[in-house]
Amino acid sequence: MADCLFCKIIAGEIPSTKIYEDEWVYAFADIDPQAPFHAIIVPKIHIASAEEITADNSGYIAKIFEAVAKIAAKENLADGFRVVNNCGKDGGQTVGHIHFHLLARRYLQWPPG
Ligand code: AMP
Ligand code: ZN
């Protein structure tokens with residue numbers, strides 16, 4: 001999608017620090033980390049938000065969670081981690097390309113604020 005920040009990051013038009021990549025998924029370091037480890041994981045197709053997940057594109061979401069397990073193993077996140085998807089205005093979504101935050105290396109409060 002022409003005007004999407006994360007599509008531009010996937011295309012390499014905007015620089016990012018790569019953490020993981022495969023055919024379906026790209027993961028990079030969050031520019032404003034909320035934990036000592038904070039990755040953003042995105043599908044390599046433009047899906048605007050969790051509201052737009054369908055039977056046709058949900059395979060990409062499954063691939064994101066396969067990537068979570070691979071990143072956790074590679075980065076030694078054995079103490080635990082949290083995967084977060086913010087959706088829409090009240091969910092705090094600020095970038096309109098679905099993404100999953102992978103947060104780790106500190107105790108994560110529950111419930112979140
Ligand atoms: P959300 O608020 O859930 O939509 O998350 C968007 C996330 O993208 C925030 O945590 C931002 O810090 C992060 N972000 C925005 N621009 C960039 C960028 N150019 N590179 C890396 N992360 C970014
Ligand atoms: Zn996009």
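Both ligands and their constituent atoms are indexed starting at 1 by order of listing.
Heavy-atom contacts of Thr94 reach the following atoms of ligand 1: 1 (P), 2 (O), 4 (O), 5 (O), 6 (C) (cutoff under 4.0 Å). Of all the atoms in ligand 1, the ones that sit under 4.0 Å from a non-hydrogen atom of Phe6 are 8 (O). Under a 4.0 Å criterion applied to the non-hydrogen atoms of Ala29, ligand 1 contributes the atoms 21 (C).
At distances below 3.5 Å, at least one donor-acceptor pair connects side-chain atoms of His97 with backbone N or O atoms of Pro43. Judged by distance alone, with hydrogens and angles left aside, the side-chain atoms of Asn85 form no donor-acceptor pair with the main-chain N or O of His101 at under 3.5 Å.
For His46, the N, O or S atom with the smallest separation from the Zn ion (ligand 2) is ND1. Within His97, the N, O or S atom at minimum distance from the Zn ion (ligand 2) carries the name ND1.
Aromatic ring centres of Phe6 and Tyr26: separated by at least 6.0 Å.
Residue contacts with ligand 1, taken as heavy atom pairs separated by less than 4.0 Å, involve Leu5 solely via side-chain atoms from C-beta onward. With a 4.0 Å heavy-atom cut-off, ligand 1 is reached by no atom of Gln34. Of the heavy atoms in Phe100, none comes closer than 4.0 Å to ligand 1.
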query: Does the pair Ile19 and Glu75 meet the rule for a side chain to side chain contact (heavy atoms under 4.5 Å, CB included), with working shown?
result: CA-CA 9 Å; Ile19 290 174; Glu75 301 285 343; 4.1 Å; yes
- request: Could you walk me through whether Gln34 and Leu103 pass the side chain to side chain contact (heavy atoms under 4.5 Å, CB included) test, one step at a time?
  value: CA-CA 7 Å; Gln34 301 302 310; Leu103 300 148; 4.1 Å; yes
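With distances taken over non-hydrogen atoms, the option nearest atom 10 (O) of ligand 1 out of Asp30, Thr17, Ile14, Ile40 is Asp30.
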